[in-house]
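Below, chain A is the first sequence line, B the second, and so on; all start at residue 1. Quick note: numbers below take in every heavy atom, side chains included, and nothing from hydrogens, waters or symmetry partners.
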There are 2 protein chains.
Amino acid sequence: MSKQPGRQKGPVTSRDVARLLGVSQSMISRAFDPRASVSPANRTRIVEAARALGYEPNVIARSLATRRSSIVAIVMGSMENPFYTGVLDQLAQALDEAGLRSLLFRVPPGQDVDDQLPALRRYNVDGLIVASASISSRIAAEWRRDDRRVVLINRTVPDASVASISCDNCGGGRQLADLLLDSGHKRLVYVAGPRNTSTNRDREDGFMEGLMERNAGLVGRIDAGEYSFNAGAAAAHRAAALKPDGIFFANDILALGGLDALRHELRLQVPKHVSVVGFDDIEMASWPSYRLTTIRQPVSEMVSSAVAAVAASATAQANSISLPGLLVERGSVMRRHGM
Amino acid sequence: MSKQPGRQKGPVTSRDVARLLGVSQSMISRAFDPRASVSPANRTRIVEAARALGYEPNVIARSLATRRSSIVAIVMGSMENPFYTGVLDQLAQALDEAGLRSLLFRVPPGQDVDDQLPALRRYNVDGLIVASASISSRIAAEWRRDDRRVVLINRTVPDASVASISCDNCGGGRQLADLLLDSGHKRLVYVAGPRNTSTNRDREDGFMEGLMERNAGLVGRIDAGEYSFNAGAAAAHRAAALKPDGIFFANDILALGGLDALRHELRLQVPKHVSVVGFDDIEMASWPSYRLTTIRQPVSEMVSSAVAAVAASATAQANSISLPGLLVERGSVMRRHGM
DNA sequence: CTGAAAGCGCTAACAG
DNA sequence: CTGTTAGCGCTTTCAG
């Protein structure tokens, strides 16, 4: 009936370690808290014993006691846009390196994030990184009051109290306007993404401002409706009717779809007959079949800022960061002479 | 000093509900367990009160008590291969629909999954879905003994006790061999992916068997080393030296890279000069620039089987499922006459 | 610096 | 069917 030493029933707990060493259980808990006071001698004794027994603090129990979990939720809307799969990949990695776990939370299209967020709270999630989805500032405030950070990637909200980090979409739009104008384009079309996204709005605003400053304008504006390859192709058909010499698609996936439709369905040459530019610089933009000139979003900086923000202490102030995009010129724009 | 009713300090707990209704706390716990016995009258009274107070059971506490979490970990190796981002997307959605949360666990390239798995155990993760990574059968057995299901997607292990679900890679390889032979190809090259993956091995085996059965063979075999666009391009250069009339790339991303290199760097026409086929049917394979003939993996079936397996009761038997792939013919293979 | 004790919020026997 | 009583494994005062 006596306990066999080597053969525990469950996983080893702090009490097992305590018993082995003849110290109190709370001591071994402290030994794993850097800021707690334990004599150096005991601390090393404890970590050694812990390793020997294969002890690791149970995160769930800790979470129950502390009300934190060191897990952050990544909220994702559609993953149709490859840009976000890149973000997700880097995010997961960065969080991991910061000692945080990622709970992936995929919002079905058409569903509102806000409704699902309370459910997340029950997991004691420490923070929220929202990419490719929106969130009401009321909910954001609730989380904040509860000392849980929320940061938006590539989306901004009016409420200044919620951290958001994004690319300078407006400035990017301007750069593209300048590029197209400088190279002599006269008949420009803008293909818009979903109308309720701030990315789309800012890119368009920047582009339009850039044009107007130089007394130029659009020959037309097409609404693609969503960010997808097929929507880009469909938009290209409608755009082609306008006989443009340059098209700015609100993002790369749209541009790629458009490019292919222009070439393979509309029998137009890009860039000879019409130039096209996009935004994001997803991986496929650099593939030889496309060679799309576009604005590169500084994904890794965005990701590390986001992780830093979510890991920041509660006292830290929520601020919005906007990082400049980089124009990368490839083969989809041609200099036009004459006229 | 008396408690104000409306103004709790923390979130509302089961005890708050109990107090309000004048019943025991355990009763309210039972009310949320369908299999527990509570008088119908009380049950409805409780759920109403709960809703009124905004009570929801705390998952962490539950997890501590039950040693389960309704969280399953998705283990992902590289997300470079777009095939897996599709899998991930669907997986997250399917798990969500099954009432499970997904903890995303990204294994850095070159790292071994096994080392990180114990860390996951501390989260009381109910199960493990491993995609694009390997796991030792020792670890798998450990989890299993602990009543936590592990299922592999697109990877098999010798040990029959771990569930695995994959596409019939071997059969797919055969189909491709037949296709290429039927259309009169004589100089075939196989471009291999990472040598230690079962996907690569099976596809190659199936392909070779298909060839040998018809007394055909390869004119060469190239090792791409990894599953990536650039690796495919590099492999295409080496393959071209062999003057092939048909190339089977071990998967689509390789094939796409190869296709582009063949056309834009090697100045070869596909399929006129050389046919190419891939495997997976990732989204880009259907893009007009590529129109790649390939084998479609039944991703949604694979995903739902995986979720079913991970949610299965402990008594359920771990079995391996292999689903047939579907040949989808597009424009990258040409019928060859003569000789 | 260390130990004792009181929770965190829930589940699960066990009596009644 | 319902209440009581122990925990789950850890953190955190509070004394010593």
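What separates CE of A/Met27 from C1' of C/dA4 is a distance of 14 Å, to the nearest Å. Computed from coordinates, the B/Gln25 CD to D/dT5 P distance equals 13 Å when rounded to whole Å. The distance from atom CG of A/Leu64 to atom C1' of C/dA6 is 13 Å, rounded to the nearest whole Å. Per the geometry, CG belonging to A/Asn58 stands 18 Å off P belonging to C/dC8, to the nearest Å. Rounded to an integer number of Å, the gap from B/Phe32 CZ to C/dG9 P is 16 Å. For the pair B/Arg68 CZ and C/dC10 P, the computed distance is 20 Å after rounding to whole Å. Spacing between atom CZ of B/Arg19 and atom P of D/dG3 amounts to 15 Å, rounded to whole angstrom units. Residue A/Arg15 contributes atom CZ, which lies 12 Å from atom P of C/dA4 at whole-angstrom precision.
Under 4.0 angstrom from either OP1 or OP2 of C/dA12 there lies no side-chain N or O belonging to B/Thr66. Between B/Arg62 and C/dT11 there is a side-chain polar atom (N or O) within less than 4.0 angstrom of OP1 or OP2. Taking 4.0 angstrom as the limit, A/Arg67 places a side-chain polar atom (N or O) nearer than this to OP1 or OP2 of C/dG9. An OP1 or OP2 oxygen of C/dG9 is reached within less than 4.0 angstrom by no side-chain nitrogen or oxygen of B/Ser29. Applying the 4.0 Å criterion to OP1 and OP2 of C/dC10, one finds that B/Ser14 has a side-chain N or O inside that range. OP1 or OP2 of C/dG3 has at least one side-chain nitrogen or oxygen of A/Ser24 nearer than 4.0 Å.
Both B/Ala36 and B/Ala65 sit near DNA chain D, but only B/Ala36 has its closest nucleotide nearer the 5' end. Closest-nucleotide positions on DNA chain D for B/Asn42 and A/Asp33 were compared, and the one nearer the 5' end corresponds to B/Asn42.
At the heavy-atom level, A/Val23 lies under 4.0 Å from the strands shown only through sugar-phosphate atoms. Within the 4.0 angstrom heavy-atom criterion, only backbone atoms of the sugar-phosphate kind lie near A/Tyr55; the bases stay farther away. As judged by a 4.0 angstrom heavy-atom cut-off over every strand, A/Ser37 is placed among the base-contacting residues.
Within 3.5 Å, a donor on the side chain of A/Arg30 pairs with an acceptor on the base of C/dG3, or the reverse. For D/dT4, the base has a donor-acceptor partner in the side chain of B/Ser26 [N/O atoms by modelled type, under 3.5 angstrom].
By the 4.0 Å N-to-carboxylate-O rule, B/Asp16 lies close enough to B/Arg19 to be salt-bridged with it. Between B/Asp114 and B/Arg138 there is no salt bridge, since none of the side-chain N atoms of the basic residue sits less than 4.0 Å from a carboxylate O of the acidic one.
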Pairs under 3.5 angstrom only: tabulate donor-acceptor contacts from the side chains of residues 68-76 of chain A to other protein residues two or more places apart or in another chain.
| from | atom 1 | to | atom 2 | distance (Å) |
| --- | --- | --- | --- | --- |
| A/Arg68 | NH1 | A/Asp126 | OD1 | 3.4 |
| A/Arg68 | NH2 | A/Asp147 | O | 2.8 |
| A/Arg68 | NH2 | A/Asp147 | OD2 | 3.4 |
| A/Ser69 | OG | A/Ile71 | N | 3.1 |
| A/Ser69 | OG | A/Asn124 | O | 2.6 |

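Aromatic pair A/Tyr55/A/Phe32: centroids less than 6.0 angstrom apart.
Once rounded to the nearest 0.5 Å, the distance linking CZ of B/Arg148 with CG of B/Leu117 reads 12.0 Å.
Within the 3.5 Å criterion, the main-chain N or O of A/Ala309 finds a donor-acceptor partner in the side chain of A/Arg149.
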